[in-house]
There are 2 protein chains.
Amino acid sequence: MELSERKKKILKAVVESYIETAEPVGSKAIAEQAGLGVSSATIRNELADLTSMGYLEQPHTSAGRIPSPQGYRIYVNELMHHHALSMHETREINNALNNKVKQLDVLLSEAGAVLSDLTSYPAYAMAAPAGAATIKRFDFIFVDAHTVIAVAMLDNNSVKNKLMSFPNGIEEQFVQKLSTVFNANFTNITEKELTPELIASAERVTGDLTGAVAAAASFALNLLTEAGPSRPSVSGASHILDHPEFKDVDKAQKLLSYLSDNGELMQMPTENSGSEIRILIGPENVADELKDSSVVMASYDLGNNMKGMIGVVGPTRMDYAKVAAHLSYVVRGLRQLADGGKLPLMPPDLLPAPKEGKDEN
Amino acid sequence: MELSERKKKILKAVVESYIETAEPVGSKAIAEQAGLGVSSATIRNELADLTSMGYLEQPHTSAGRIPSPQGYRIYVNELMHHHALSMHETREINNALNNKVKQLDVLLSEAGAVLSDLTSYPAYAMAAPAGAATIKRFDFIFVDAHTVIAVAMLDNNSVKNKLMSFPNGIEEQFVQKLSTVFNANFTNITEKELTPELIASAERVTGDLTGAVAAAASFALNLLTEAGPSRPSVSGASHILDHPEFKDVDKAQKLLSYLSDNGELMQMPTENSGSEIRILIGPENVADELKDSSVVMASYDLGNNMKGMIGVVGPTRMDYAKVAAHLSYVVRGLRQLADGGKLPLMPPDLLPAPKEGKDEN
DNA sequence: TTTTAGCACTCTACAACCCCGAGTGCTAAA
DNA sequence: TTTAGCACTCGGGGTTGTAGAGTGCTAAAA
């Protein structure tokens, strides 16, 4: 059943007032504030309707109404206005993303940090390879008779290195051999294909006595293993204590430890990682710990076989419009960075209004 | 004035009971529990003495006693027993440190994580160069006409790399020239000495048109800058909510945000970074946010021009004995790792009892 | 048919109050 | 020096009462 125009206005008023004050909203307040020229009694009738339709809830008989998850859903999908970012906000974000040439994980965690600062909700960010990682190139740099630097370039163009020590000495020639053998046999293979047999055979071929092959292989194996989803970085977790719904320490405790421990289980972007922002409201979340919370998230493609996601967690009473706007802007920045490889010199003003999430259910 | 043997026993009993229960301790409880064969009235007299000496406090007239910071101090310095780690605990720690070949920051943050898990207090860890960092070696790896990997080895033996892209192309010969010039002119200099003039002169010498010199120099500059104190990693922050002193959300909020934001200001090990564990109780902390909390920390030398610190933060009512034991064991592990460069194959049992902190005031 | 005013009703938050129990300090006797 | 006894203090928990916000229902008005 379609909502009447007036019902929509009333629902919107309830949601926005509740988002702002965290107090149940009464008929009188709406009558006064949301300038539709009817009395509170009329509003009451409408509220009763909206409640029986499942869009509003009553904490107890003589309290005002608060939005149900479905109510938020309608709000997010149809009623929400677009939040315009202030100059200050865009500047903050640009600074965070611009400042330096950073490594991916640092960049993501700074993106999370600024998001968290601006929205005052905890933010998390992570990156993961779209498929299994492989190494596409090895280099071994002979430093001195006891030291070699191993450098590996992954298929996603990230580069890793490791200092290897050889107390018993190693020869420069042998390091070259190492390089040849590793580039021949250990490139373009996945973690699973890097078998002990392969390593043993490499040791045979090179006639290795120093343990260098084993060390290098373990380095490679580590890279392939750890190239899996990076552990998400969580920023501003303490922000959840800002919000009255977490005045109960137990609730806060649960969410906080979920964020810091299991945050890894945070759903990675679903396959259809559309470019849009997704909003999961309360029970729409799969994780039990999030059933009372909402998540606003976006995923993005980093081009070189890497996907990432970044999002914000808060109570269902969340300022969706604001958060979506911020997130959208941050994600745009990240994409720009990924595309151009250049600094994201976004114009701080005059950017197209952000779009919000797709329907969920 | 020296405390009588009996007063010491009573003080110890008060501290330990309070640490365990978080409830003010009454004379009767002590009389029953701490088997010195005197009545509660006698204990009361002693408690009154200890209170007037400043070692105990009374929340209000008709409540039991709780230890004052000075009381904890005495306890920590003289009265505390050594906590023996269980097999399980040592195993946890060994696992955390052993598992893989890790980068320093990851290692430290895992050390913090296990410490936090075991003690159920937040832990933080950081590393910092003892002096200004310099780069001791550059390598530039020519990947293809548009891609070069820059590798730099710092004087603390850490190795960093960066992928540099050249949309307009770059020649292999030029990369070699780059290597020569950088190794000649950019090694063993500090951040301050890496001046724009130096860069300009390098550009002149190489006749650079690709921007490679600028890119490489900015890479180097970044390393030297960021080699400063790493931002500390904080683990298990949500653990503070486990403890009743933080049932007040505001307090928790303050400490939490101090930990995640300003944690950087955490005092680095004082110059005399003795090998011992230091315990700072309540007001002994310089940071205002920590005046109600205690810090148990240790610093360690990583050999190659790197110093680090790792510690635990909790309420003054902290299980100092346990925390000190855990921390001590973790630090021993880190030192072993640093010394040998090998995996820390510590015997999980039969380790010498940990020593606790030096006096503070 | 829809809107409004009026009214009785419900429920919470808050303050006032009381009482219990734990613990103290003091005194006088052992 | 220790102990028993006792009067006193104070916080916590439970109860009660009240004010206020908000509701649903009904009957009249538009």
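A, B, ... follow the sequence lines: proteins, then strands. Residue 1 opens every chain.
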Exercise for the section: Find the distance Lys28(A):NZ to dA21(D):C1' and express it as a whole number of Å. Expected result: 9 Å

Practice task
Report the distance from atom CG of Leu85(B) to atom CG of Leu118(B), rounding to the nearest 0.5 Å.
Solution key: 8.0 Å

Exercise for the section: Can you figure out which of dT23(D), dT3(D), dA5(C) approaches the side chain of Thr42(B) most closely? Expected result: dT3(D)

Practice task
Rounded off to whole Å, could you give me the CG-to-C1' distance for the Asp49(B) and dT24(C) pair?
Solution key: 15 Å

Exercise for the section: Write down the partner of dA28(C) under the Watson-Crick or G-U wobble criteria, each distance required to be under 3.5 Å. Expected result: dT3(D)

Practice task
Find the distance Ile43(B):CD1 to dG23(C):P and express it as a whole number of Å.
Solution key: 13 Å

Practice task
Starting at OH of Tyr18(A), measure out to CD of Glu57(A) and round the result to the nearest 0.5 Å.
Solution key: 9.5 Å

Completion exercise
Closest of dC26(C), dA5(C), dT23(D) to the Arg44(B) side chain is dC26(C)

Practice task
Classify the nucleic acid contact of Ala41(B) as base, sugar-phosphate or nothing, counting any heavy atom under 4.0 Å across all strands shown.
Solution key: base

Practice task
Give a yes/no answer on whether the side chain of Ser39(B) brings an N or O atom under 4.0 Å of OP1 or OP2 in dT3(D).
Solution key: yes

Handout entry: Minimum heavy-atom distance between Lys12(A) and Leu79(A), given as atom pair plus value
Key = CE-O, 3.0 Å

Fill in the blank from the handout: Quick note, Leu47(B) side chain, CB onward, closest among dC10(D), dT24(C), dC11(C) is dT24(C)

Problem - Nearest-angstrom distance from the residue atom CD of Glu57(B) to P of dG23(C) - result: 18 Å

Fill in the blank from the handout: note: Gln58(A), atom CD; dG22(D), atom P; distance rounded to Å ~ 11 Å

Problem - For atom CD of Glu23(A) and atom C1' of dG22(D), their distance in whole Å - result: 13 Å

Handout entry: Nucleotide of dG24(D), dT3(D), dT4(C) approaching Asn45(B) most closely (side-chain heavy atoms)
Key = dT3(D)

Problem - Any-strand Watson-Crick or G-U partner of dC19(C), both distances under 3.5 Å - result: dG12(D)

Completion exercise
Ser27(B) has its side chain closest, among dT4(C), dT3(D), dT24(C), to dT24(C)

Problem - Among Ile281(B), Val14(B), Ile19(B), side-chain contact (heavy atoms from CB on, under 4.5 Å) partner for Tyr75(B) - result: Ile19(B)

Exercise for the section: Please confirm whether any donor atom in the side chain of Ser62(B) sits under 3.5 Å from an acceptor in the base of dT9(D), or the reverse. Expected result: yes

Problem - Electrostatic pair Lys7(B):Glu46(B) at N-O distance under 4.0 angstrom - result: yes

Handout entry: Proximal nucleotide (of dA5(C), dT24(C), dT23(D)) relative to the Arg65(A) side chain
Key = dT23(D)

Fill in the blank from the handout: Rounded to whole Å, CD1 of Ile10(B) lies from C1' of dT24(C) at a distance of 15 Å

